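On a predicted model such as this, the values are computed, not experimentally measured, just so you know. Numbering of residues begins at 1 and proceeds along the displayed sequence.
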Amino acid sequence: MPASQWRRRTLLATATAAAGPLLAARFAGAQAPRFPERAVRIVVPYAVGIGPDVVARGMAEFLQQRWGQPVVIDNKPGASGIIAFGEVRRAAPDGYTLFVADTATMVVNPLINDRLPYDPERDLVPLTLMFRATFVVAVGADSRFRGVAALLEAARREPGRISYASLGNGHASQVAIESLAHAAGVQLLHVPFKDAGALFTAVAAGEVDFTAFSMNTMAGLIARGRLRPLAVAARQRLKDHPDLPTLAEAGAPAVEMHPWTGLVARAGTPRPLLEQLQRDAVAAIEAPGVRSRIDPLGFELTPSTPQQFRERVEADLALYAPLVREGRVSRV
């Protein structure tokens, strides 16, 4: 073979070998499945119309337009998210079933339930925080307590006599109030309710001394003169209620009560897909249409990285674990 022909063949072979990986990568990218190719389901452990449901539905509308596929909200309320997670755990880790998790699902349930049928660290992958609420301590309109300091002082004089209402053991309302009791060094009487309507009726009637929920949840009752807010459990006063003092300003421990909600996927979901889901979910949370829905509810949108989500969980585990050790929040 002439030397010139040999050189031409050698150069051609070298060029083909070098281009091979690029061609293969381009072909693989062309063949990679587009996500999503069908409907995506977001499982919400709350009833229709509750804060997490409202935000999830706003996100679903945005994602449906972005993805060109249906995004379906599947409400599965009950048992502090355990029922809803049963649906997620049976789903394939392919990104087509997402879960709206919260403080109860990721923090409180693992602390109080020795037979929890899931492990958040093992079974769930954080995508982004969605929003957080701010709790307000409130009493019935005719309550003898004019401020939080007076309420806590009565609790010191009468251990276990001053009562508070929550939506059950481990619910955010109980954990928040017991965090205040722990910081103040007092013992309160926990009165659990299964229904929010019955709970607020009891507090308004003075059958239970006080409770703590987000302002938007109690706004109607406050406006109608059935409940009276005492203080907000935050570092700063609420923008829409500037006359309401913080706990610290009211002479109580500066406890912050911020139950939160986030979006998670099944463990085992491929990393590139997790990264896309996280980017798209953050874009949805930051979309004007979602913000316009959530602003009237008084919640704070908190899009985050997965690592910031994990840090929030770890911080709350450290905050609430003493409540369980002391028996303020009971194991089940």
Side-chain angles (χ1 to χ4, degrees), residues 79-80 103-104 108-109 111-112 133-234 244-259 319-332:
S80 297
T103 310
V108 181
N109 286 353
L111 286 173
I112 68 174
T134 297
F135 274 7
V136 170
V137 176
V139 297
D142 297 326
S143 171
R144 61 189 171 110
F145 299 116
R146 310 310 297 178
V148 177
L151 188 153
L152 293 177
E153 181 57 35
R156 293 187 184 95
R157 292 195 308 268
E158 308 172 72
R161 296 289 301 276
I162 303 303
S163 60
Y164 73 90
S166 89
L167 286 177
N169 185 68
H171 187 270
S173 50
Q174 188 211 9
V175 173
I177 292 173
E178 287 296 348
S179 296
L180 174 62
H182 170 79
V186 300
Q187 294 292 330
L188 300 170
L189 175 63
H190 178 211
V191 183
F193 289 82
K194 293 182 179 180
D195 174 74
L199 182 155
F200 291 125
T201 297
V203 175
E207 297 169 3
V208 182
D209 288 311
F210 75 105
T211 191
F213 278 87
S214 61
M215 178 59 82
N216 74 288
T217 302
M218 300 187 292
L221 292 165
I222 292 172
R224 293 196 298 272
R226 299 192 64 198
L227 294 180
R228 176 161 44 84
L230 297 184
V232 57
L244 186 63
T246 66
L247 282 174
E249 291 172 335
V255 172
E256 295 181 44
M257 303 177 188
H258 293 300
L319 178 65
Y320 298 144
L323 306 182
V324 179
R325 287 197 300 267
E326 294 176 9
R328 293 179 179 274
V329 179
S330 302
R331 288 186 174 276
V332 296

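Here the CG atom belonging to Leu151 is positioned 12.5 Å from the CZ atom belonging to Arg146, to the nearest 0.5 angstrom. If you take CZ on Arg226 and CE on Met218, they are separated by 13.5 Å, rounding to the nearest 0.5 Å. With rounding to the nearest 0.5 angstrom, the CD atom of Glu256 is 9.5 Å from the CG atom of Leu247.
Judged by distance alone, with hydrogens and angles left aside, the side-chain atoms of Ser163 form a donor-acceptor pair with the main-chain N or O of Asp209 at under 3.5 Å. Looking at Asn109, its side chain does come within 3.5 Å of a backbone N or O of Ser80 through a donor-acceptor pair. The backbone N or O of Thr246 sits less than 3.5 Å from a side-chain atom of Glu249, completing a donor-acceptor pair.
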Using residues 172-199 as the side-chain source, report each donor-acceptor pair under 3.5 Å to any protein atom, sequence neighbours left out, with the distance given to one decimal.
from, atom 1, to, atom 2, distance (Å)
Ser173, OG, Leu167, N, 3.1
Ser173, OG, His171, ND1, 2.7
Gln174, OE1, Gly170, N, 2.7
Gln174, NE2, His190, ND1, 3.4
Gln174, NE2, Arg328, O, 3.2
Glu178, OE1, Arg328, NH1, 3.4
Glu178, OE2, Tyr164, OH, 2.7
Ser179, OG, Val175, O, 2.8
His182, ND1, Glu326, OE1, 3.1
His182, ND1, Glu326, OE2, 3.0
His190, NE2, Ser166, OG, 2.6
Asp195, OD2, Gly197, N, 2.9
Asp195, OD2, Ala198, N, 2.8

Output a table of donor-acceptor pairs, distance under 3.5 Å, between side-chain atoms of residues 134-144 and any protein atom two or more places apart or on a different chain; print 'none' if there are none.
from, atom 1, to, atom 2, distance (Å)
Thr134, OG1, His258, ND1, 3.1
Ser143, OG, Phe145, N, 3.0

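When all heavy atoms of Ala231 and Leu244 are compared, the pair lying nearest together is N-CD1, 3.7 Å. Gly147 and Leu230 make their closest contact through C-CD1, 3.9 Å (heavy atoms, listed as atom of the first residue, atom of the second, distance). Here the closest heavy-atom approach between residue Val203 and residue Ala165 is recorded as CG2-CB, 3.9 Å. The nearest pair of heavy atoms linking Leu111 to Ala321 is CD1-N, 3.9 Å.
In Arg161, the CZ atom is not crowded: 12 or fewer heavy atoms of neighbouring residues, nucleotides or ligands sit closer than 6.0 Å.
Residues meeting the ring-ring contact (aromatic ring centres under 6.0 Å, His included) test with Phe200, sequence neighbours left out: Phe213.
Ile222 is not listed as a side-chain neighbour of Arg228, based on a closest heavy-atom distance of 4.5 Å or more.
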